[in-house]
Amino acid sequence: MGLDPEDVFKDEEDDPDNEFFQQSESSKEYVVYLVDASPKMFNTTCPGNDQKDETHFHTSVSCIAGSLKTQIISRSYDEVAICFFNTREKKNLQDLNGVFVFNVAEREHLDRPTARLIKEFDCIEESFMREIGSQYGIVPGSRENSLYNALWVAQALLRKGSIKTADKRILLFTNEDDPFGSLQDAAKKDMTRTTLQRAKDAQDLGISIELLPLSRPDSEFNVSTFYADLIGLDGEDLAQFMPSASQKLEDMKDQLRKRMFTKRVVRRIEFHIANGLSIALNTYALIRPTVPGAITWLDSVTNHPLKTERSLICEDTGALIQEPPKLFQPYRNENVKFLPEEIAEIKRISPGKLRLLGFKPLSCLKDYYNLRPSTFVYPSDQEVVGSTCIFIALHRSMLKHKRFAVAYYGASSHPQLVALVAQDEITSAGAQMEPPGMHMIYLPYSDDIRDDEEIFPDTEEDAPRADEDQIQKAAALIKRIYVKDFSAFQFANPALQRHYAVLQALALAEDDIPETIDETAPDEEGLTRPAVVKAAEAFKLSVYGDSYDEESDMGKEKMSEASRKRKAIAENAAKDYDWGNLADKGQVRVEEFNSRRFESLLKCPQPSC
């Protein structure tokens, strides 16, 4: 059975002929990791997960390796490049000093991550000093600028693709907040100016530069010294960006993961407000179930993905049909032919817009109206200039008056009414927890709502109801085991994590499967707290009384249900066979052999595929 058999998480029916609901262009991400390889990255240490000191270079490498392992599973079509600067050896297309682009055979510098790349990058620390080397690339008396060269190489790597269909980013790892601190006066000003100009040129081409700083034990990384100007930070953004001095490896991984996984547009729609006034909206799927990747068929010789092609063959002549098939409908012994455009026009019930109908108080919106996951909408000025201003005015007014908008969502084959509920921005510790915008809730039809009498029409007696004491005891128990600040993002799917761990072990030829933690398992330590145990015992006492025996009751229930059915099936099966006759014919021994063979198959390891 599928994870979503009824398609409750599916968006509106995809109709390629619908001009009003445009699918977003297939976007990819091109990322270049810039890692500082100066001696300071190897000399500076910080406590790791196992409380052992590890260098900042090891922190950067482990972060990138973990990101690549995650990316190769969840977003395998994105392309990456790994570049070290402040190195002794050089390896780049521009032949610039102090920059080494790490890569493996049979792979372009900017390409999809492969198992071989991850395996060799995991072991790079062992051979880095011998094969690549570390040195300070910016020293007094020299015109070499390794940071400038690294930005130049990264910009050249990101020339691939268009900014319209791909997001291009540079992620910079360093623990040096003042790369030109060793220079004096004119030389320092000149190198600072040229480096900032190189960064600005890259940003003008649609490339974003993001800094992942590593704080030194004796001092905090000071972003305002140089990098604030390079990445464009000022005011409140600068104050919020300052990292803590005790930043650890897991914090860096979480920070990198948040920057790597961005929300992508699901669909672009047109919102008609009134009197010919329309704005453009982008829709996003904030939460969707994660499923294992689709099966990819590979060629047995080259191991390349196979491309499926379909050809139509004439049944009478056996020749290939070049023209597209024609659609027809039999009617009174005659085939009425239709063009694909005519079929699309017949299926199109509504003109295909999100049309505002009015407003209602939020109290009128019931919880049970939400029959499927909502869609998050946000304005876009790319198609209609001024959409953001109009959307903000509408958004603020709805929040002020505590109203939601009722709109007609004209999907091509399933039009329905929707509720647009404004959501204000929620921040915590300077970070955005919930974005501002609107949730589009799909309202049910009248037939979708059933009364209790319709659901249970044959109930003769009223269902047992709890008294006031039982309700209070249940409320006290729930209060004790209530999870504060709960979020679905706090828990990973254990089955998927195990699936990915097995895939990782197979792809990287690892001897041991990475350990996975089931975060959905009950908190046994928390449930044994005295306050929780006392509340649970009080609830059982109020519901079942003093004479309730839990073990005996569970045994009776098992015997009355599962065991009784198995016993009856076994007895009926025994009556249907003449065991003596079967033994004389030797059929009992055959069954015994088959069962042993089945047990041997269970003990054999499954072949890897």
Side-chain angles (χ1 to χ4, degrees), residues 1 3-6 8-9 286-287 289 360-374 402 404 419 421 423 426 433-434 439 441-495 518-568:
M1 182 177 180
L3 182 62
D4 190 17
E6 298 181 359
V8 295
F9 282 94
L286 297 185
I287 298 180
K360 301 196 72 174
L362 286 174
S363 58
C364 298
L365 188 63
K366 307 300 181 183
D367 293 339
Y368 56 85
Y369 287 173
N370 193 11
L371 300 182
R372 52 176 290 190
S374 62
K402 297 181 179 181
F404 70 93
V421 181
Q423 171 181 280
I426 301 176
M433 306 302 295
E434 297 291 345
H439 287 279
I441 299 175
Y442 303 90
L443 299 177
Y445 293 96
S446 59
D447 294 342
D448 294 332
I449 302 176
R450 300 286 189 271
D451 295 330
D452 295 340
E453 292 78 7
E454 298 181 27
I455 301 176
F456 306 102
D458 301 330
T459 303
E460 298 179 357
E461 300 179 358
D462 294 336
R465 297 181 179 276
D467 56 31
E468 189 63 28
D469 180 66
Q470 294 173 346
I471 294 176
Q472 292 180 359
K473 294 294 191 299
L477 176 60
I478 293 175
K479 184 178 180 180
R480 290 295 181 182
I481 62 177
Y482 181 76
V483 179
K484 296 181 180 179
D485 301 327
F486 171 79
S487 173
F489 301 104
Q490 297 173 349
F491 305 94
N493 188 331
D518 187 358
E519 299 173 343
T520 63
D523 182 10
E524 297 181 0
E525 182 180 354
L527 293 177
T528 57
R529 296 198 307 266
V532 177
V533 174
K534 182 178 179 181
E537 292 295 334
F539 173 72
K540 288 196 298 184
L541 182 63
S542 65
V543 175
Y544 300 105
D546 298 333
S547 59
Y548 174 68
D549 189 353
E550 183 176 356
E551 295 183 358
S552 62
D553 189 46
M554 291 177 62
K556 291 179 182 179
E557 182 179 357
K558 290 182 180 179
M559 184 60 187
S560 60
E561 297 295 337
S563 300
R564 187 182 304 171
K565 290 182 179 180
R566 286 196 299 267
K567 185 177 180 181

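None of these values were measured; they are calculated from a predicted model. Residue indices begin at 1 and follow the sequence shown.
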Verdict with supporting geometry, Asn370 and Leu443, side-chain contact (heavy atoms from CB on, under 4.5 Å): CA-CA 7 Å; Asn370 193 11; Leu443 299 177; over 6 Å; no

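- Pairs engaging residues 519-535 under the side-chain hydrogen bond (donor to acceptor under 3.5 Å, both in side chains) rule: Asp518-Thr520 [sequence neighbours left out].
- Cys364 has its side chain within reach of Phe404: a pair of non-hydrogen atoms, C-beta onward, lies under 4.5 Å apart.
- Take Glu434 and apply the side-chain contact (heavy atoms from CB on, under 4.5 Å) test, not counting sequence neighbours, and it matches Gln423, Ile426.
- Qualifying side-chain contact (heavy atoms from CB on, under 4.5 Å) partners for Leu527, counting only residues two or more places apart in sequence or in other chains: Ile481, Pro522, Val532.
- For Ala466, the side-chain contact (heavy atoms from CB on, under 4.5 Å) partners two or more places apart in sequence, or in a different chain, are Gln470, Ile471.
- The side chain to side chain donor-acceptor pair (under 3.5 Å) search around Asp469 returns Lys473, not counting sequence neighbours.
- Listed here is the closest heavy atom pair of Tyr369 and Pro444: O-CD, 3.2 Å.
- Expressed to the nearest 0.5 Å, how far OG of Ser542 lies from CD of Glu537 amounts to 11.0 Å.
- Residues passing the side-chain contact (heavy atoms from CB on, under 4.5 Å) test with Tyr368 are Lys366, Ile449, sequence neighbours excluded.
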